[in-house]
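Just so we're clear, the structure is a prediction, and the values are computed from it rather than from any experiment. Chain letters run A, B, ... following the sequence lines, proteins first, then strands; residues in each count from 1.
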Protein chains: 2
Amino acid sequence: MFSENLYNPHISVDCVVFGFDGEKLKVLLIERSMNEQNELYNDKKLPGSIILNNEDLDDAASRVLNELTGLKNIYLSQFKSFGSPLRTSNPSDVLWLERTTKMKIGRIVTVAYVALIKIDRKIVFNAEDTSANWYDVNEIANVQLAFDHNRIIKDGLLHIRHRLDLEPHLLFELLPNKFTISQLRSLYDVVHQTRSDVRNFHKKAIQMPYLVMLDELEEGVPHRAARLYKFDKKKK
Amino acid sequence: MFSENLYNPHISVDCVVFGFDGEKLKVLLIERSMNEQNELYNDKKLPGSIILNNEDLDDAASRVLNELTGLKNIYLSQFKSFGSPLRTSNPSDVLWLERTTKMKIGRIVTVAYVALIKIDRKIVFNAEDTSANWYDVNEIANVQLAFDHNRIIKDGLLHIRHRLDLEPHLLFELLPNKFTISQLRSLYDVVHQTRSDVRNFHKKAIQMPYLVMLDELEEGVPHRAARLYKFDKKKK
DNA sequence: GCAAAAGTGTTTCATGTACACCCATGT
DNA sequence: ACATGGGTGTACATGAAACACTTTTGC
């Protein structure tokens with residue numbers, strides 16, 4: 001299937017795609033099913049692909065996300081490569097590789113990326129042959145994923161926590177276009193694993209130059225409606 | 001030469017090895033010479049290697065450093081992978097690859113590491129067929145290196161600056177076993193591109209738990225001898 | 001009128017920054 | 001005795017953390 005465009009079946013990219021549902025951090029995983037000796041196996045894996053001819057690594061990661069979500073301009077950042085010979089120690093993973101690439105593959109080095117997307121966008125994740133779903137970051141630690149994808153998610157999470165700490169404007173990649181300060185605060189706290197003080201947070205937030213107040217309020221909430229804000233990229 | 005042990009001639013590691021000579025940050029580069037159409041070309045490259053069978057990425061990087069310096073337990077940290085199709089756009093690089101690997105190679109993805117070593121150790125860098133030398137980090141920006149190695153060094157430098165900021169105990173990887181506080185300060189300033197205040201620095205330094213004062217003084221200096229300190233890993 | 005979250009200031013403490021003089025040693 | 005870098009303390013500014021009550025709205 002890939003053979004014409006394929007650069008090298010031993011190098012891939014994988015994307016750890018994070019989203020925020022208002023409460024928890026989520027990761028996007030692809031459902032993988034395969035029948036092996038007439039038994040149907042179901043598990044999950046990170047979105048990924050081998051690298052095509054004439055494609056840079058970043059381009060390959062962008063392509064994976066675009067094919068999956070239809071979106072462009074997603075925040076993407078390479079964070080680590082994984083190349084242990086043990087990555088393909090699970091026979092089902094090897095079998096799956098051979099079936100999808102139609103090649104004999106002993107070992108794959110993968111370049112891992114983190115991506116941040118707004119979970120609220122109505123994205124069709126269930127196209128053609130792939131279906132993808134959001135999973136709670138903390139819960140998938142207990143689920144056995146394909147290859148070393150548990151490890152990759154763990155490292156990706158550490159990476160993005162660190163990154164969002166250094167570059168707080170990246171938090172807005174995870175929020176809807178219009179959001180309240182308390183949504184921003186929940187996100188901040190989920191990412192940093194803290195319980196920040198309401199007043200101090202508000203103070204810090206409104207003095208970010210790129211946070212701009214709108215003349216609109218939240219709607220449909222059973223209590224006092226909160227003011228909405230948006231993010232101004234130009235001022236970051 | 002590699003053919004028996006070789007895992008995949010399309011994946012390599014490269015190491016950006018940093019050292020500190022008391023004044024400047026240095027990078028270790030391999031001298032590469034090659035004759036092409038009866039002309040002798042000389043340039044420099046990062047120490048690196050393709051990955052061997054059954055070798056993890058970190059192991060490959062360790063091996064490269066060990067082969068080059070004879071040292072083990074060098075601080076090493078993977079920081080980025082480079083895989084642009086344009087990496088091998090220079091014909092001399094392609095020629096060099098073919099001669100050293102004895103294979104036809106279109107493109108290589110390389111996993112880059114930074115390493116920190118004590119420049120004072122008397123290391124034999126001029127073994128067999130390779131000779132290596134230290135170059136001033138700022139000056140090699142103006143020298144054309146093999147492949148995209150200029151870029152890799154630049155990114156490696158950014159990475160290590162950031163890293164040494166977060167984990168200041170790593171500074172000691174670059175200093176001799178016994179050092180003065182003003183050596184530590186020079187290093188700190190070179191890394192952070194600052195001119196720190198002597199008194200404030202001293203204050204901050206001596207309250208690091210892992211910095212232990214010795215009962216020894218500097219020797220052979222034409223002025224008041226400074227007190228020596230060492231680094232205690234256990235207390236980091 | 002009550003439940004539920006929004007919004008808002010002040011005090012305290014820790015940390016960083018600015019700044020200048022005497023000391024020890026080798027020549 | 002002089003040149004060279006070593007070693008030291010205090011005052012000020014800035015930023016982080018603790019802490020509680022009133023307001024708005026839907027039901």
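Under the side-chain contact (heavy atoms from CB on, under 4.5 Å) criterion, B/S62 pairs with B/L76, sequence neighbours left out.
The span of DNA chain D lying next to chain B, judged by atoms under 4.0 Å from heavy atoms, is bounded 5' to 3' by D/dT4 to D/dT10. Reading DNA chain C from its 5' end, the first and the last nucleotide to sit under 4.0 Å from a heavy atom of chain A are C/dA4 to C/dT10.
Heavy atoms of B/K204 sit nowhere under 4.0 angstrom from any nucleic acid atom.
Remark: aromatic rings of A/F179 and A/F172 are close, center separation under 6.0 Å.
A donor-acceptor contact closer than 3.5 angstrom links the side chains of A/N133 and A/E31.
Within 6.0 Å of CD on A/E23 lie no more than 12 heavy atoms contributed by other residues, nucleotides or ligands.
A side-chain hydrogen bond (donor to acceptor under 3.5 Å, both in side chains) check over residues 202-216 of chain A, counting only residues at least two apart or in different chains, returns the pairs A/K178-A/E216, A/N200-A/K203.
A salt bridge does not link A/D189 with A/R195: none of the charged nitrogens is closer than 4.0 Å to a carboxylate oxygen.
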Exercise. Could you give me the CA-CA distance, side-chain angles and deciding distance for A/R151 and A/D155, then say whether salt bridge (Lys or Arg N to Asp or Glu O under 4.0 Å) is met?
Key: CA-CA 6 Å; A/R151 181 69 201 290; A/D155 285 0; 3.5 Å; yes

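Between the CG atom of A/L57 and the NZ atom of B/K80 there is a distance of 9.0 Å, given to the nearest 0.5 Å.
A distance-only check finds a donor-acceptor pair linking the side chain of A/H149 to the backbone of A/L46 [under 3.5 Å].
Looking at A/K235, A/K236, A/K230 one by one, the single match for salt bridge (Lys or Arg N to Asp or Glu O under 4.0 Å) with A/D232 turns out to be A/K235.
For residues 213-226 of chain A, proximity to DNA chain D is found at A/V221, A/P222, A/H223, A/R224, defined as any non-hydrogen atom under 4.0 angstrom from a strand atom. Within residues 180-199 of chain B, the residues that place at least one heavy atom under 4.0 Å from DNA chain C are, in residue-number order, B/D197, B/R199.
In this structure the side chain of A/T130 never reaches within 4.5 angstrom of the side chain of A/E67, judged on heavy atoms.
Ring geometry, B/F82 versus B/F79: the interplanar angle exceeds 60°, so the pair is classed perpendicular (tilted spans 30 to 60°).
Looking at which nucleotide of DNA chain C each of B/K203 and A/Y229 is closest to, the 5′-most match is held by A/Y229.
For A/S12 against A/I108, the heavy-atom pair with the smallest separation is OG-CG2, 3.4 Å.
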